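Here's the structure we're looking at; comments come further down.
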Amino acid sequence: MSETSLSSRTSLAFVGCGYVADFYALTLRHHPDLLLEGAFDIDGDRLDSFTRAYDVRAYDSLDELLSDENVSIVVNLTTPQSHFEVSRSALLSGKHVYSEKPLSTNFSESLQLAEIAAEQGLHLSAAPCTVLGEVAQTVWKELRKEYIGPVRLVFAEMNDGLVHQLGVEDWRSCSGAPWPYRNEFITGCTNEHAGYWLTWLVAFFGPAIEVSSFATNIVEDPIDSLSAGELAPDFSVACIRFRSGVVARITCSIVASRNRELRIFGDNAELVVPDAWDFGAKASIRNRPEKSHDQSRYLPIPLLKPPPEKPSEMVNNIDFCRGIAELSESIAELRPCRLSSDFAVHVDELCHLITSSRKGGSKQQLTSTCEPMVPMDWAK
Ligand SMILES: NC(=O)c1ccc[n+]([C@@H]2O[C@H](COP(=O)([O-])OP(=O)(O)OC[C@H]3O[C@@H](n4cnc5c(N)ncnc54)[C@H](O)[C@@H]3O)[C@@H](O)[C@H]2O)c1
């Protein structure tokens, strides 16, 4: 072992050894302070494949994992339907929790989790963690310089193409987990993906106060084994007003061609991030044509620091363990976690409100809020 001694490392255990667990295991290499003690999955084959692939302990049960005194943080990588029960059990066993999104399949359960964490004096933190990445922090610092002028409007895209036509039945993670396409269609692209941009927007512009949204199903029969009633919306569009006055339009779909771009409109110029799923994305500033005759002016924004090298097994350049590292450091430093439980609950509420607008969209007020996030030390 290099300079990091065993005793200074934070021990984790993964619950859920499916498709995404590989991305966590692969990006652990960027965080020598984190130690994966072991994992548990109710699917014995998945548990076996995963724990063999990464040479970690296979717990026989969730109870055995939660009784392991070495484990400080439980990383909940189960299906969304199991998030609430697993996170709840972990918190009641005295473990900090880092959960994949959504926190739960309904907002009242997400609130319950936050209450239990507060009662227990524990952290509840959640993915996505891309707001802690190099491009997000670089862009945020650029916004604080106010070079692009006051920001009034943001357009955020999260479209993934016609996913059901991409042979999803054959997608496998590097340790062999099938992509859980049925569940992805049940949970829906908004609950799965809106958070990638919403976390940035709440960090940059403060909590949201109201959202007007529309969500529907456009492709009627994408997967043979799912009935219409089981499908979450495959398209949503929401306009969100933030407390700072900024308005954002976010579009999520698995219908429109792939586009994961963010455009932030300042009075002087536009700031563009081409891809939410790339910690090294090349953000740039473009003149507003109406403000300048030099319409070609395009200023690349250099990253404050390069992101760690993407493991070759991964397609998207996301350091999935960055959020767990932040949680671990906040515990050690006795400070609030940047991905706090309030922050996670607030983003979760936004996703649930947008998805539920299928039942009849209207303007809805947020009931939750959160404290402002602090930039990463290297990005202040
Ligand atoms: N698939 C992706 O590309 C992706 C990317 C980012 C985030 N996510 C999120 O990660 C989470 C997991 O997604 P996934 O794609 O890995 O799903 P998955 O279905 O491949 O894996 C989930 C695993 O959890 C296990 N599980 C379910 N309930 C359990 C329980 N009570 N106790 C122990 N194990 C249990 C299942 O057996 C399964 O192996 C979801 O919340 C999803 O939104 C997925």
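Each ligand, and each atom within it, is numbered from 1 in the order the structure gives. Note that this is a predicted model, so its numbers are computed, not measured. Residues take their numbers from the sequence shown, with the count starting at 1.
Heavy atoms of other residues, nucleotides or ligands lying less than 6.0 angstrom from NZ of Lys282 number 12 at most.
Heavy-atom proximity to His83, at under 4.0 Å, picks out these atoms of ligand 1: 41 (O). Those atoms of ligand 1 that come under 4.0 Å of a heavy atom in Trp179, given as number and element, are 1 (N), 2 (C), 3 (O). Applying the 4.0 Å criterion to heavy atoms of Thr79 picks out, from ligand 1, the atoms 19 (O), 22 (C), 24 (O), 27 (C), 28 (N). Residue-ligand proximity, Tyr196 to ligand 1, at heavy-atom distances under 4.0 Å covers atoms 6 (C). Each of the following atoms of ligand 1 lies closer than 4.0 Å to a heavy atom of Asp43: 37 (O).
At a 4.0 Å heavy-atom cut-off, ligand 1 touches Lys101 through backbone and side chain alike. Looking at Val15 against ligand 1, only its side chain comes within 4.0 Å, counting heavy atoms.
At a 3.5 angstrom cut-off on N or O pairs, Ala21 does not count as close to ligand 1. At under 3.5 Å, not a single nitrogen or oxygen of Arg46, backbone or side chain, sits near a nitrogen or oxygen of ligand 1.
Taking the six-membered ring for Trp and thresholds of 30 and 60 degrees, Tyr19 and Phe23 have ring planes more than 60 degrees apart, a perpendicular arrangement. Ring orientation note: the planes of Phe185 and His164 are nearly perpendicular, at an angle over 60° on the 30°/60° scale. Taking the six-membered ring where tryptophan is involved, the planes of Tyr24 and Tyr98 are perpendicular, since the angle between them exceeds 60° and thus also 30°.
Remark: the Ser110 side chain and the Asp348 side chain contain an N/O donor-acceptor pair separated by less than 3.5 Å. For Ser236 and Arg358, the side-chain atoms include no donor-acceptor pair closer than 3.5 Å. Using modelled atom types, one finds no donor on one side chain facing an acceptor on the other under 3.5 Å when comparing Ser82 with Glu85. With 3.5 Å as the limit, one finds no donor-acceptor pair spanning the side chains of Ser340 and Asp342.
Nearest non-hydrogen protein atom to atom 18 (P) of ligand 1 is Pro180 CG, 3.8 Å. Protein heavy atom nearest atom 37 (O) of ligand 1, with residue, atom name and distance: Asp41 OD1, 2.6 Å. Taking atom 20 (O) of ligand 1 as the reference point, the nearest protein heavy-atom neighbour is Tyr19 N, 2.9 Å. Closest protein heavy atom to atom 42 (C) of ligand 1: Glu192 OE1, 3.6 Å. Closest protein heavy atom to atom 40 (C) of ligand 1: Thr78 O, 3.7 Å. For atom 22 (C) of ligand 1, the closest heavy atom belonging to the protein is Leu77 O, 3.6 Å. Ranking the protein heavy atoms by distance from atom 28 (N) of ligand 1 puts Ser82 OG, 2.8 Å first. Among protein heavy atoms, atom 9 (C) of ligand 1 sits closest to Glu100 OE1, 3.5 Å.
In this structure, CG on Leu366 lies 4.5 Å from NE2 on His346, to the nearest 0.5 angstrom.
For Arg249 and Glu157, the salt-bridge test passes: some basic side-chain N is under 4.0 Å from an acidic carboxylate O. Ion pairing between a basic and an acidic side chain is recognised when a charged N comes within 4.0 Å of a carboxylate O; Arg9 and Glu37 show no such pairing.
Of the candidates Ile42, Leu103, Thr187, Val20, Val20 brings a heavy atom nearest to atom 44 (C) of ligand 1.
No heavy atom of Gln81 sits closer than 4.0 Å to any atom of ligand 1.
Between Tyr54 and Phe50, a ring centre-to-centre spacing shorter than 6.0 Å is recorded.
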